[in-house]
Amino acid sequence: MNVVLLGIQGSGKGTQSDLLVEKYGLVHITTGGLFRQNIKQETRLGKIAKSFIDKGELVPDEYAFEIVSKALSSAKDGFILDGFPRNLEQTKFLLNKFEIDKVFLLELDDETAIERILARRQCKKCKKVYNILFQKPKVKNVCDICGGELILREDDNKKAICKRIEKFHHETEKVIKLFKEQSNFFSINATQSLSVISKEIISKIN
Ligand code: AMP
């Protein structure tokens, strides 16, 4: 089963992906996460991507294709794509190569999205994501899983967030419009609790 999760930054795509990975054993492919991993490892792709990511710009398609192709090629039994496609070119690229079984849009208004992103913290070590408003760690700034330090992502600052949201409305909404016309598209209210959202997604998958 191949699933695409769409939604504005902060709508909970990563969290829902984790729950689906646990339930269905799919491979979670997050292009943002892959770019960040490359930045950390100081690879060629990471060095190129960093300047775009820091500004909240999209990384040019050729590099997004490179990173996602490699990940998709090792997900033969099904994947959850989170953060890709983000524009029409990326959508064409994906649909030329893969059948997509379900597309979910996590719908959230800009104001709530900004509020949530500014409250987002990520473990430096294992990358688990928390939210200091509604998904707090047991001990402040410490990861429940590995004890790592929780930090704010470098691009989770107001300026870069606004740019990313602008990109979402200008580029990714065209992708949503295209998928919306298909019968395998489902829109979910992302202001609901995590468990209600995941139940809705699971009911559509089943
Ligand atoms: P995310 O973790 O999904 O918020 O992505 C963080 C950043 O990675 C984005 O602001 C972009 O700079 C870059 N990025 C992630 N996915 C893509 C993509 N599909 N195409 C281009 N850039 C991307």
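In this text the structure is predicted, and so the values were computed from the model without any measurement. All ligand and atom numbering here is 1-based and tracks the order in the structure.
The number of heavy atoms from other shown groups lying within 6.0 Å of CD (Gln192) is above 12.
Partners of Asn206 under the side-chain hydrogen bond (donor to acceptor under 3.5 Å, both in side chains) rule, at least two apart in sequence or in another chain, are Tyr24. A search for side-chain hydrogen bond (donor to acceptor under 3.5 Å, both in side chains) contacts involving Ser17 returns His28, not counting sequence neighbours.
Using a 4.0 Å cut-off between charged nitrogen and carboxylate oxygen, Asp156 and Arg164 count as a salt-bridge pair.
Counting heavy atoms from C-beta on, the side chains of Ile100 and Phe79 come closer than 4.5 Å.
Near ligand 1, residues Thr31, Gly32, Phe35, Arg36, Ile53, Glu57, Leu58, Val59, Ala64, Gly83, Phe84, Arg86, Gln90, Arg153, Asp155, Arg164 each place a heavy atom inside the 4.0 Å sphere around the ligand atoms.
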Taking distance alone, no hydrogens or angles, what donor-acceptor pairs closer than 3.5 Å link side-chain atoms of residues 128-143 to residues at least two apart or in another chain?
{"residue": "Tyr130", "atom": "OH", "partner": "Asp144", "partner atom": "N", "Å": "2.8"}
{"residue": "Asn131", "atom": "OD1", "partner": "Leu133", "partner atom": "N", "Å": "2.8"}
{"residue": "Asn131", "atom": "OD1", "partner": "Phe134", "partner atom": "N", "Å": "3.4"}
{"residue": "Asn131", "atom": "ND2", "partner": "Arg116", "partner atom": "O", "Å": "3.2"}

